[in-house]
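Down below is the structure, laid out as structure tokens.
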Amino acid sequence: MLITTSDVGICFSAGDTKTWALRHVSLSVEAGQVIMIFGPSGSGKSSLLYLLSGMRPASEGEVRYEGRLLSGRNSRQVRQLRFTDFGFVFQQHFLVGYLTAVENVCAGRSHRYFERACNLLKELGLADKTNAYPAQLSYGQRQRVALARALVHSPKVVFADEPTASVDSDMSIEICQILSDYCDQGGSCVMVTHDMALKTYADVVYSMRDGVLKPDTVCAGE
Amino acid sequence: MHTTLHSIAALPWPWTFLLRNRSKGVLLLLLVMMSVLVITAISAITDSVMMTVYRSSVLAYEYASVIVSKGIGVPQRIIDHLRDAESVELVLPFLDSSVRVVGVLGSESRPVVAVPAQEFETVLSKLPVGLKGGRLPRQGEPEIAIHESIAQAKGVWTGDLIGREIDSDDYLWGAFMITGVLEGDIPVCLASLEYFKKQWVYDTGDLNYAYLVFPALGRFEAMNETLANLPSDEVTITTLESVRPSYNAEYSNIRLIMWAVDLLVVVIVSTAMGLVNTVHYLSRLREFALMSAIGLTPATLVLRTIVEVLSLGLVGFGAGLAAAKVTVSLLSACLFRPRGIEIAGIGWRSIVFAIPVPILVSVFSTITIWFNILKLDVVAMLEGRDCS
């Protein structure tokens with residue numbers, strides 16, 4: 001198991017009022033799996049990704065990565081995991097405006113990733129856009145650059161937060177296919193979305209509502 | 001530490017933002033450059049003006065001391081005593097006057113020294129002054145050799161006349177024909193003592209009212225000790241030790257003003273840079289949040305910021321020094337040289353005054369960004385919520 005959680009929850013406090021964004025969430029992520037989590041907006045899907053990737057601490061329960069508690073690592077070790085083992089596709093592309101596409105893919109990393117970044121952009125149909133700035137790219141192209149950024153360092157787990165939210169159906173399928181191919185090569189992916197049409201790319205499916213995660217027994221394993 | 005240092009070299013380069021956002025980069029650069037320019041230029045000009053004052057009022061006393069009678073003339077026994085002293089090489093009678101020039105600090109006086117005509121060459125050999133052109137005055141004639149800086153300041157040259165008859169501001173009475181131009185570190189004029197004595201109000205007979213006293217080689221201090229032992233009720237002694245304190249007092253006030261100006265400019269510029277950097281940082285908040293989400297540590301982000309700001313500071317510093325050099329040269333040619341003031345250029349002292357600018361700007365900017373990074377909530381930022 002790469003990632004396991006047991007009874008984790010995230011609670012936000014405002015004065016005496018406590019609001020649970022996640023509660024009693026248990027799941028596991030294995031190498032090679034594509035896990036999809038469906039649910040309406042505000043159901044806690046993004047919070048779950050932030051929890052799994054160590055960007056948010058759990059208020060209760062525990063998250064383990066490769067058998068070791070995330071909470072047992074210091075913030076530097078968790079950051080190191082995010083730098084080497086995790087990749088993240090955010091809901092918005094979050095590209096740096098003054099960097100070219102290929103520089104955005106390599107953001108925070110050394111020049112030795114440059115060639116792989118170019119190859120990834122080529123695979124994603126952006127071979128002629130490597131030196132384009134985000135403002136010169138369409139929304140779908142920016143999202144593909146963000147996807148390349150999440151994959152450039154060959155992470156063990158890719159977290160994707162509604163990566164197909166603002167792209168057309170063809171592009172959605174293309175993005176899912178790329179993530180699926182990546183997992184076939186040994187990576188793992190945890191993706192949240194509310195596009196039910198993408199279920200076919202999932203190995204495991206969960207549904208989420210009001211911070212509670214439930215296995216989607218109907219679709220899982222299809 | 002290794003990882004942090006390695007990450008500093010990661011893409012994007014710390015100065016990529018400034019290079020690709022030229023309007024912001026140039027604005028920040030100009031801010032640093034202008035402050036370095038102002039501080040360096042003011043410091044260089046002040047130094048040169050003060051050096052001019054030093055040369056005209058103090059420097060001569062590094063080569064000779066002066067005794068002046070408190071009566072009608074210096075008693076011969078005192079002169080004989082000095083001529084016998086081992087520490088004294090030469091005792092020359094002299095009288096003095098002055099001419100006025102318009103300097104940066106307003107009307108300033110420049111000394112006119114009258115010595116026996118046969119001693120002109122001796123005096124010139126003992127002072128850092130030489131004849132640049134023309135000839136020295138003749139004995140007993142209303143003639144004068146003036147320093148080139150005085151000639152430039154007064155707009156006169158060989159063959160012209162100077163003196164109170166020509167310029168009522170001059171203390172030098174009558175009219176003197178300029179026969180030669182002097183060059184060297186001391187802005188002085190030379191005239192014939194014989195002519196001066198003929199014009200002198202008092203008849204001193206065989207006695208002389210004042211003397212220049214030159215030391216034997218390497219005996220300057222010993223000579224001044226000898227002078228200090230002369231009867232104070234008969235003569236007044238003026239030495240380097242007696243003129244320097246008043247100059248230093250005046251100079252220290254100017255240095256104090258310079259430090260105050262320096263501090264003020266540095267504080268204003270650093271505050272402005274801090275504010276600009278806060279806005280600059282806020283406009284790049286998502287970039288920092290993204291880097292943090294990717295896994296870069298706060299230490300790395302701060303170090304990258306330091307490199308970026310320090311690069312800006314150093315380039316601004318260099319550009320400021322270059323601009324100051326050009327500005328000082330232009331001011332020197334257009335404003336100071338016509339007034340007989342040589343601007344020495346940008347010296348180490350001027351550079352030292354400007355060094356706090358890039359350092360404080362870097363420190364202040366880094367602290368601003370460090371503070372913001374420490375309170376940065378990456379998830380809130382990435383979700384587009386209030387990130388404070």
Side-chain angles (χ1 to χ4, degrees), chain A residues 10 12 21 41-42 45-51 53-57 74-100 102-114 117 133-135 146 149-150 152-153 155 159 161-162, chain B residues 1-26 28 280-305 307-308 373-387:
Chain A
I10 292 178
F12 296 109
S41 296
K45 303 187 300 294
S46 297
S47 294
L48 178 58
L49 289 191
Y50 294 137
L51 179 81
S53 61
M55 278 196 263
R56 274 257 187 265
N74 61 34
S75 62
R76 193 175 189 88
Q77 289 169 325
V78 173
R79 281 174 187 275
Q80 187 61 29
L81 278 184
R82 289 212 301 269
F83 195 69
T84 56
D85 289 22
F86 299 163
F88 215 109
V89 185
F90 302 99
Q91 200 166 348
Q92 292 173 308
H93 50 77
F94 289 123
L95 298 184
V96 181
Y98 65 88
L99 299 181
T100 62
V102 69
E103 287 170 342
N104 263 291
V105 174
C106 295
R109 304 184 191 281
S110 72
H111 255 290
R112 64 192 172 89
Y113 287 93
F114 213 77
Y133 290 96
R149 183 176 60 199
V152 73
H153 55 298
F159 300 98
D161 189 357
E162 304 209 29
Chain B
M1 184 53 125
H2 174 75
T3 310
T4 301
L5 291 176
H6 186 74
S7 302
I8 294 168
L11 291 168
W13 302 113
W15 45 84
T16 306
F17 177 85
L18 295 170
L19 289 177
R20 295 197 183 159
N21 291 272
R22 297 227 173 112
S23 56
K24 284 183 183 175
V26 167
L28 295 172
H280 171 65
Y281 169 79
L282 290 175
S283 70
R284 295 173 66 186
L285 203 54
R286 284 194 168 180
E287 179 190 336
F288 284 100
L290 175 73
M291 294 295 187
S292 187
I294 284 173
L296 298 190
T297 62
T300 302
L301 293 174
V302 168
L303 275 172
R304 288 173 65 87
T305 304
V307 172
E308 181 177 310
I373 284 173
L374 286 180
K375 65 172 190 169
L376 180 70
D377 182 339
V378 174
V379 173
M381 182 61 235
L382 293 174
E383 287 182 342
R385 290 190 273 111
D386 179 12
C387 48

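In the text below, chain A, chain B and the rest are named by the order of the sequence lines, each starting its count at 1.
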Exercise. Does a side-chain heavy-atom distance below 4.5 Å link A/V96 with B/F17?
Worked result: no

Exercise. Which atom pair, heavy atoms only, marks the closest approach of A/A107 to B/M291?
Worked result: CB-CE, 4.0 Å

Exercise. Can you name the side-chain contact (heavy atoms from CB on, under 4.5 Å) partners of A/Y50, sequence neighbours left out?
Worked result: A/S46, A/M55, A/R56, A/F88, A/D161, B/V379, B/L382, B/E383

Exercise. What part of B/A293 lies closer than 4.5 angstrom to a heavy atom of chain A: side chain, backbone, both or neither?
Worked result: both

For this session: Return the set of residues passing side-chain contact (heavy atoms from CB on, under 4.5 Å) with A/P57 (not counting sequence neighbours), or none when no residue passes.
Result: none

Exercise. Do A/R79 and B/T300 touch side chain to side chain, with heavy atoms closer than 4.5 Å?
Worked result: no

Problem set entry | Portion of A/Y113 that has a non-hydrogen atom of chain B nearer than 4.5 angstrom | neither

Exercise. At what distance, to the nearest 0.5 angstrom, does CD of A/Q92 lie from CG of B/L290?
Worked result: 12.0 Å

Problem set entry | Worked verdict on B/R20 versus A/L99 for side chain to side chain contact (heavy atoms under 4.5 Å, CB included) | CA-CA 9 Å; B/R20 295 197 183 159; A/L99 299 181; 4.1 Å; yes

Exercise. Taking atom CZ of A/F86 and atom CD1 of B/I294, what is their separation to the nearest 0.5 Å?
Worked result: 14.5 Å

Exercise. Is there side-chain contact between A/L95 and B/R286, with heavy atoms separated by less than 4.5 Å?
Worked result: no

For this session: Determine whether A/F94 and B/E287 make a side-chain contact, defined as any pair of heavy atoms from C-beta on separated by less than 4.5 Å.
Result: no

